[in-house]
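One structure follows; several queries about it will come next.
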Protein chains: 2
Amino acid sequence: MINKQSKLPIYYQLEEAIKQEISQKGLAPHSPIPSEREYAEKHGISRMTVRQAINNLVSQGILYRARGRGTFISEQKFEQDISQLSSFSEDMRERNLTPSTKIIKMDELIGPSAAHDKLNLKINDTVYEIVRLRLANDQPIALETIFTPKKLLGAITEKQVETSFYQYLENDLGLSIKRGFQSIEASLATSEEMTYLQIKKNDPVLVMQRTSFLDDHLGTPIEFVKSIYRADRYKFNIEMNRS
Amino acid sequence: MINKQSKLPIYYQLEEAIKQEISQKGLAPHSPIPSEREYAEKHGISRMTVRQAINNLVSQGILYRARGRGTFISEQKFEQDISQLSSFSEDMRERNLTPSTKIIKMDELIGPSAAHDKLNLKINDTVYEIVRLRLANDQPIALETIFTPKKLLGAITEKQVETSFYQYLENDLGLSIKRGFQSIEASLATSEEMTYLQIKKNDPVLVMQRTSFLDDHLGTPIEFVKSIYRADRYKFNIEMNRS
DNA sequence: GAGTGGTCTAGACCACCGC
DNA sequence: CGGTGGTCTAGACCACTCG
């Protein structure tokens with residue numbers, strides 16, 4: 001129900017109410033929901049407020065409108081599922097695998113480097129270099145090298161990067177990641193990579209490089225990471241929109 | 001200027017006017033634009049209408065708001081640039097390369113197949129199988145096999161798939177593609193692939209598989225394509241949002 | 001305190017759809 | 001035709017930011 005005294009905006013309460021209504025009644029995709037005027041009258045609110053709630057649900061891909069006909073429930077979930085920038089740990093959990101990590105190396109880099117470039121840093125800024133072997137269900141999947149600026153992280157210990165680096169940034173440091181740019185190519189493993197990943201000469205690997213940026217309207221780069229994935233155990237899945 | 005007699009909505013005219021204002025005055029990212037009340041008064045329209053225009057520009061990533069401070073211009077382009085589902089031709093042009101195509105094979109498949117599964121078809125539906133070698137600046141880049149349902153395309157000729165298949169679907173058939181789901185993995189080329197791509201044994205390749213869906217609220221699958229890319233000449237670039 | 005965006009109201013007219 | 005979403009108005013009060 002809508003509570004006009006609540007600190008939460010009415011349109012937001014209505015959004016939640018509509019979402020709940022859909023899941024509770026188990027409404028199927030393409031079933032109509034009540035009209036905007038019905039919602040307005042039922043809750044004693046303005047139609048414009050109803051529209052704001054519905055607009056948000058439409059842009060979340062939960063509803064769609066048809067002029068002259070009504071508002072309907074979208075095809076399930078699909079539209080929300082546009083693939084998100086996700087960490088290795090999140091990715092593995094989504095695949096119903098248990099992620100784990102072995103830290104190989106932790107260093108500090110000073111002076112010019114490719115990472116300084118990618119992270120848009122000055123020459124005398126310090127960069128952490130963290131090399132981790134990532135496993136799923138205890139099987140090696142990827143060898144990952146993270147570069148991240150010391151001035152944004154402060155002091156870090158091995159403990160803090162033993163699990164999800166994104167989780168550390170977001171939950172412990174309160175940094176919010178907005179977007180990432182990544183490239184994916186195929187290659188053959190180097191001998192060091194072969195050792196850690198337990199693969200043979202001429203086994204192909206996927207090389208993913210990513211730069212992630214903060215949600216601070218300056219788009220500050222927060223990490224540059226290069227990951228080598230075993231091609232026999234990993235495949236990228238991406239959902240994309242057109243236009 | 002805003003024309004209230006125009007058939008175009010006022011908010012849309014204002015959107016265009018603001019975009020033009022930004023590019024004409026060459027306003028830098030993070031500069032403020034006039035307040036909502038200023039726009040309303042200046043054009044003799046309601047503030048809610050101004051808000052609708054600005055909301056649209058915000059969701060297009062052109063502007064951002066800051067409560068109590070104002071509305072500002074976003075960091076250039078970046079936010080709009082979330083990578084789009086694009087065809088080989090579009091992709092190559094974006095990389096300033098000239099795409100071309102050699103058709104290797106055109107067939108019709110009947111009976112059960114992996115493509116029938118991916119395209120959600122019945123057993124006795126006919127599927128076109130089109131194999132094309134894709135080149136950029138006359139260098140072979142990818143070997144591409146498209147599966148697409150005959151019942152949605154009708155009769156097709158080699159001429160029609162000599163250039164961009166997406167362009168053919170969209171411009172000639174008036175079909176609108178909404179989204180695609182793709183996977184990317186690394187592999188070694190088969191001997192047939194090696195021949196067409198002019199690569200050697202043990203040269204790695206990228207294998208991309210994609211299913212594309214129409215914008216028809218049923219999300220009808222319109223193509224399943226498997227492409228083999230030369231790893232030395234091609235790399236996927238993807239921009240993604242988080243949360 | 002003055003100005004900003006965030007929310008909300010109670011109407012209105014329109015174009016479109018299906019019967 | 002009646003009902004729908006699409007657009008628009010002319011106000012209002014709020015929370016927030018900044019000088």
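A note on names: the letters A, B, ... follow the listed sequences, proteins ahead of strands, and every chain is numbered from 1.
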When you measure from the side-chain N and O atoms of B/K4 to the phosphate of D/dT7, is any distance below 4.0 Å, counting only OP1 and OP2?
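No, outside the criterion.
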
Separation of B/Q13 atom CD from D/dT7 atom C1', in whole Å?
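In whole Å, D/dT7 C1' and B/Q13 CD are 12 Å from each other.
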
Check this for me, if you would: do A/E144 and A/K226 make a salt bridge, where the nitrogen-to-carboxylate-oxygen distance has to be below 4.0 angstrom?
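Salt bridge between A/E144 and A/K226, a charged N being under 4.0 Å from a carboxylate O: no.
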
Whole angstrom is fine here: how far is it from CG in A/L8 over to P in D/dC14?
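Atom CG in A/L8 sits about 18 Å away from atom P in D/dC14.
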
Protein-nucleotide distance (A/Y64, atom OH; D/dG5, atom C1'), rounded to Å
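Interatomic distance, OH of A/Y64 to C1' of D/dG5: 14 Å.
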
Heavy-atom donor-acceptor pair, B/R47 side-chain to C/dG6 base, under 3.5 Å:
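Such a pair exists between side chain and base.
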
May I have the distance from A/E36 (atom CD) to C/dA10 (atom C1'), rounded to whole angstrom?
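So the two atoms are 15 Å apart, to the nearest Å.
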
Distance below 4.0 Å between A/R65 side-chain N/O and D/dG6 OP1 or OP2:
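Looking at the OP1 and OP2 atoms of D/dG6, one of them is under 4.0 Å from a side-chain N or O of A/R65.
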
Nearest to the side chain of A/M48, which nucleotide is it out of C/dT9, D/dG6, C/dG5?
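The answer is C/dT9.
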
State whether A/R132 and A/E158 are salt-bridged, where the test is any N-O pair (Lys NZ or Arg NE/NH1/NH2 against Asp/Glu carboxylate O) under 4.0 Å.
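No, this pair does not count.
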
For A/R51 and A/R69, find the nucleotide of DNA chain D closest to each by heavy atoms; which residue's nucleotide sits nearer the 5' end?
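Looking at DNA chain D, the more 5' nearest nucleotide goes with A/R69.
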
Measure the distance from CD on B/Q52 to P on D/dT9 and round it to the nearest whole Å.
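Taking atom P of D/dT9 as the reference, CD of B/Q52 is at 10 Å.
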
Atom OH of B/Y12 and atom P of D/dC8: how far apart are they, to the nearest Å?
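Rounded to whole Å, this separation is 13 Å.
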
Just call it for B/E41: base, sugar-phosphate, or nothing, with non-hydrogen atoms closer than 4.0 Å on any strand.
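B/E41: no heavy atom of the nucleic acid under 4.0 Å.
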
Given DNA chain C, 5'-ward residue of the pair A/Y11 and A/G68, judged by closest heavy atom
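Checking each residue's closest nucleotide, the 5'-ward one belongs to A/Y11.
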
D/dC14 C1' sits how many Å from A/I10 CD1, rounded?
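After rounding, the gap between these two atoms is 12 Å.
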
Looking only at the side chain of A/S35 (C-beta and beyond, no hydrogens), which of the listed nucleotides D/dT7, D/dT4, C/dT9 gets closest?
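My answer, after comparing the listed nucleotides, is D/dT4.
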
If the cut-off is 4.0 Å, is B/T71 near the phosphate of C/dT4, judged by side-chain N/O to OP1 or OP2?
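Looking at the OP1 and OP2 atoms of C/dT4, neither is under 4.0 Å from any side-chain N or O of B/T71.
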
Do the side chain of A/R37 and the base of D/dG5 come within less than 3.5 angstrom through a donor-acceptor pair of N or O atoms?
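Indeed there is one.
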
Quick one: A/L14 CG to C/dT7 C1', roughly how many Å, whole number?
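Whole-Å distance recorded here is 14 Å.
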
Are B/K19 and B/E16 close enough for a salt bridge, meaning some N to O gap below 4.0 Å?
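Salt bridge: yes.
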
Check this one for me: any side-chain N or O of B/T49 less than 4.0 Å away from OP1 or OP2 of D/dT9?
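The answer is yes; a side-chain N or O of B/T49 sits under 4.0 Å from OP1 or OP2.
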
Could A/R210 and A/E223 be called an ion pair, given the rule that one side-chain N must be under 4.0 Å from one carboxylate O?
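A salt bridge links A/R210 with A/E223.
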
Do the charged groups of A/K150 and A/D125 touch, with an N to O distance under 4.0 Å?
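Looking at A/K150 and A/D125, the cut-off is not met.
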
Base, sugar-phosphate, or nothing: which does A/I45 touch, judged by heavy atoms less than 4.0 Å apart?
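Answer is sugar-phosphate: A/I45 comes under 4.0 Å of backbone atoms only.
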
